[in-house]
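This one's a predicted model, so the numbers in the text were calculated from it and none came from an experiment.
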Amino acid sequence: MSQLEINSSNEEDQQDFVTYFADVIIPIPLPGTYTYRVPRAMQDYLVPGCRVIVQFGRKKIYTGIVSAVHTHAPKVYEAKLIIECLDTNPSVNDYQLKLFSWMAEYYMCTVGEVLNAGLPSGLKLNSESFIQLNPDFTSTDDVVFSDQENKILDALETNDRLSYEDVAAVLGIKMIHPVLKDLIQKGRILLYEQVKDKYKPKRKRIIVLDDKYLDAEQELQALFADLEKRPKQLDVLLKYLSQIGMDGNQRSTVSVDKSVLTEAGVSASALKTLCKNEIFHEHEVIVSRLDSSVGRSSHEGALSEGQLAALSEITEGFQANKPVLLHGVTGSGKTEIYIELIKQAIESGGQVLYLLPEIALTTQIVARLHKVFGSELGIYHSKYSDNERVEIWNQVNEGKVNLVAGVRSSVFLPFQELNLIIIDEEHESSFKQYDPAPRYHARDTAIWLANLHQANVLLGTATPSLDSYQNALDGKYHLVELLERFGSGSLPKFKLANILTSRKNKRMQGDFTPELIDEITQALERKEQVILFQNRRGYSPYLICNDCNHVPKCQSCDVSLTYHMHSNHLVCHYCGFKDAVPATCEACGSTAIRTVGVGTEKIEEDLKILLPEAHIQRMDQDTTRSKYAYQNIIDRFENGETDILVGTQMLSKGLDFDNVSLVGVFDYDRIVHFPDFRSHERAFQLITQVSGRAGRKDDKGLVVIQTGEPEGGLLQLILRGDYKGFFQQEILERSSFNYPPFYRMIKIVLKHKEQHVLQQAAMAYVATLMAELGKKRVLGPQTPVIGRIRNLYIEEVFLKVEKKGVSIQKVKELVYRLSIDLKKKKEFNSLRLYFDVDPV
DNA sequence: AGCACGCCGACT
DNA sequence: GTCGGCGTGCTC
């Protein structure tokens, strides 16, 4: 360091000698953090939580998050400099940093993976490599360029920059690096990385009348007189005034969106002239994408006695510092209680997180919250664009939004002082993330987060998960029951339609029992609406050749292709592979191909034939892809434009319709017999939830369940709405077979493209696990129902570990260490292995 | 995860 | 001889 620098600082001379280092979390699946050197200029404001741009590897540039700042220089490598710091105020707070590392540890993944899931991609800058001509290049005679090099240079004459893909296209080859390397060596081109800030604030143009006319009435009158002979301009003025309100004292705003004026048909050129003459002014302002137009309205109505009692019990639980499990049957009015609690939490100056499953979020609940909380409500949802997510993130960070209604990923938002977390539909399995890591459960994560913030937690559901209910019985949670329906709605009646006998008597019409058809017809005659539930999308799960029994399968997954009639394609629901429908059997050439099984599309199709007069709408993943498709379908149903709604389980949640008198369930048997220890729990929840859609108003609704075994014990419990009976029966099973909630489970998934290598790896791994943990705690390896996806074979190993007396932490460390040892073996190095802690 | 390097087989 | 394939190892 030079003498000059030391002298230039006249305070804390010693400080200038200190070099700071920052540990940076990089959003990639690598363990640990990476240490970078902090440039002198950043020392003052770089703190944990700041986003920084760093180079990682030879050329890649990432946005990372600083997790710690310290003075320990790394011993074995030279730390690179941080390229840039993107924040003067950290984007991520200390709570979140703690959350990230807890999640990585608990769910056995890397912090980088947590960060990747948690940070909206709008806050992550990506880099792309470009080349450009080197302006400093001076031609010398001894430099010659090859044909390929000249092609690139020619292309650079017309475009000032080329991406790697461009270069590859120009040359028509893929191996472009050696060529580029040469050109760089010769000094003819430069390679650079362009970093782009992806978040773009939304702008709009507004028009404001000049102050002098707004302030003084006579000036305005004079202006009117002036514009007398210019009708187009006068029109602009009138339209403007009508927008802001003619009465000067009542005005809340003086600006009008330019788009509003142009849409009202004013002349663009007249407006331009007015602006030029400084009568009007045009400004560009940055606006929020978040809709804040709806104002608050007063509370909807007083709580019932039962609700008030529940409310005070909930408060009791909060005071005891326990999460509260609110077991409230469908229609018991949980939402009113939530609203009351949210109000209290916000009034006391805290923030509230209201977690909902994806599909329940676009519904009436949000509209109600919006009515009560107005612009204080932020919504965080997968169909929101990235820019919208960034805005919510920032507003939560700044404390402008104090209530977030969101899906599981909203646990990552930068709450400063969380006061209350509500987890609605607590039992929903969609709170657990499946595929990319972190495979986290938003409910469990939220409970941990609440503990960190010292916030209250309320779990609400009509059908508690076994885990939560057991927690309540153990006294870990405070149980509050609300088992009476609020208002006039009453429990639906059930009717079981026996598929087997109808089939024997040849009375089935397609997949409809005569009972169901009959009830649908009656309901339609009474001008009531019908919901049909078939938990499988597409037309038909597979095609089969009548002559040789050949079934078209996916090339890269071990599943049959689903037939989609509308698009006339065969689709793989696991990898998305699409194929044309074969006219003849690929195996034997026969034309006798028929469909087997039923999807939502087939039900819709059959209904159109059976009931040609009815208006039918299908609701599943395929019809709700776009942002508003879901809402549109719901709206049409609510307005009575649709008579029958056919859908997958997405219509089982959070929807209240007044005029639905009949709900039909098609594949009860398949739900119950799903090969999984949770299938009974899921069946109970699903059927109860779907049934809740029937008979919300004055009449009792009817639920028709088509089944082959109407005497089933579980079905009887569902019909009686006997949650406690179900719980007692099921918990016994779980206890005697060492399943959750008594044991913790960790699923280990191994994938490899060679089946026998995979087998060997899985066997070897299981052997080491058994040696360390004992045979009883290790299950498998077993091939899952779908044994191959995207050309990778799959094996699963399950660990069952007692909750009491065993350190799960130690087990995780062991399991992880053994997996590293396994992957270190030469023959297994392309093995993919990941963990799923608390799988659902 | 990327990305480079390096070794190998398949073609102009 | 290239071209393009993949296996291997590293990234502060």
Side-chain angles (χ1 to χ4, degrees), chain A residues 19-39 42 46 48 50-85 104 109-119 121 124-131 146-149 151 163-165 167-182 184-185 191-195 435-439 751-754 757 761 790-792 820 822-834:
Chain A
T19 311
Y20 285 92
F21 295 91
D23 295 341
V24 178
I25 306 170
I26 297 173
I28 45 175
L30 289 174
T33 56
Y34 292 81
T35 307
Y36 287 80
R37 200 147 54 84
V38 180
M42 270 177 220
L46 190 93
C50 282
R51 289 179 300 149
V52 287
I53 294 178
V54 291
Q55 186 174 38
F56 188 71
R58 200 174 272 259
K59 60 194 283 274
K60 206 67 191 165
I61 287 175
Y62 288 101
T63 303
I65 297 286
V66 175
S67 68
V69 180
H70 54 81
T71 56
H72 310 299
K75 299 252 157 33
V76 286
Y77 55 86
E78 179 83 1
K80 282 183 184 161
L81 267 180
I82 291 173
I83 296 172
E84 208 178 317
C85 176
C109 63
T110 71
V111 227
E113 286 169 323
V114 178
L115 182 66
N116 210 9
L119 211 60
S121 49
K124 287 176 278 188
L125 311 176
N126 283 4
S127 72
E128 200 186 347
S129 307
F130 289 101
I131 57 162
S146 68
D147 285 357
Q148 287 190 325
E149 289 173 347
K151 271 192 201 164
S163 71
Y164 273 34
E165 289 73 41
V167 175
V170 166
L171 296 182
I173 56 168
K174 281 187 185 168
M175 283 282 284
I176 56 168
H177 290 264
V179 189
L180 293 180
K181 218 164 92 184
D182 251 31
I184 293 165
Q185 192 109 50
L191 179 66
Y192 70 101
E193 293 275 314
Q194 170 116 355
V195 176
D435 206 10
R439 298 179 172 80
K751 297 188 182 183
H752 198 281
K753 63 178 178 344
E754 301 287 347
V757 179
R790 289 173 205 269
N791 279 324
L792 290 172
I820 296 296
L822 184 75
K823 277 198 278 193
K824 260 197 230 144
K825 293 193 177 153
K826 232 176 150 41
E827 61 270 36
F828 300 142
N829 58 10
S830 61
L831 179 76
R832 320 211 131 245
L833 188 150
Y834 65 81

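In this structure, A:Y77 does not reach the C:dC12 phosphate: none of its side-chain N or O atoms is under 4.0 Å from OP1 or OP2. Contact between the side-chain N/O atoms of A:K60 and the OP1/OP2 oxygens of B:dG2 is not found at any separation under 4.0 Å.
Here the closest non-hydrogen pair linking A:A79 and A:P74 is CB-CG, 4.0 Å. Shown here for A:P31 and A:T110, the closest heavy-atom pair between the two residues is N-CG2, 3.7 Å.
Note on A:L30: a base of the nucleic acid sits closer than 4.0 angstrom, heavy atoms only. Here A:F56 lies in heavy-atom contact (under 4.0 Å) with a base.
Spacing between atom NZ of A:K751 and atom P of B:dA1 amounts to 11 Å, rounded to whole angstrom units. In this structure, the OH atom of A:Y62 is 14 Å from the P atom of C:dT11, given to the nearest Å. Spacing between atom CD1 of A:I28 and atom P of C:dG9 amounts to 18 Å, rounded to whole angstrom units. One interatomic measurement links the two molecules: CD1 of A:I26 to C1' of B:dG2, which rounds to 12 Å at whole-angstrom precision. Protein atom CD1 of A:I61 is 14 Å distant from nucleotide atom C1' of C:dT11, rounded to whole Å. Here C:dC12 presents its P atom at 13 Å from CZ of A:R37, a figure rounded to the nearest Å. When the P atom of C:dG9 is taken as reference, atom NZ of A:K825 falls 17 Å away, rounded to whole Å. Summarising the geometry, the separation between CD on A:Q55 and C1' on B:dA4 is reported as 14 Å, rounded to the nearest angstrom.
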List every contact pair, protein side and nucleotides 6-8 of chain C side both N or O, where the distance is under 3.5 Å.
residue, atom, partner, partner atom, Å
C:dT8, OP2, A:N829, OD1, 3.2
C:dT8, OP2, A:N829, ND2, 2.6

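Each of A:R58 and A:P29 lies near DNA chain B, and the nucleotide nearest A:P29 is the one positioned closer to the 5' end.
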Q) Does the pair A:I53 and A:I61 meet the rule for a side-chain contact (heavy atoms from CB on, under 4.5 Å), with working shown? A) CA-CA 7 Å; A:I53 294 178; A:I61 287 175; 3.3 Å; yes
**Q.** Residues A:L822, A:L833; criterion side-chain contact (heavy atoms from CB on, under 4.5 Å); working and verdict
**A.** CA-CA 10 Å; A:L822 184 75; A:L833 188 150; 4.1 Å; yes
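Atom OH of A:Y77 sits about 3.5 Å away from atom OG1 of A:T35, to the nearest 0.5 Å.
Cation-pi contact between A:R37 and A:Y20: absent, since separation from the ring centre below 6.0 Å together with deviation from the ring axis within 45° is not met.
Using a 30° and 60° split on the angle between ring planes, A:F21 and A:H70 fall in the parallel class, below 30°.
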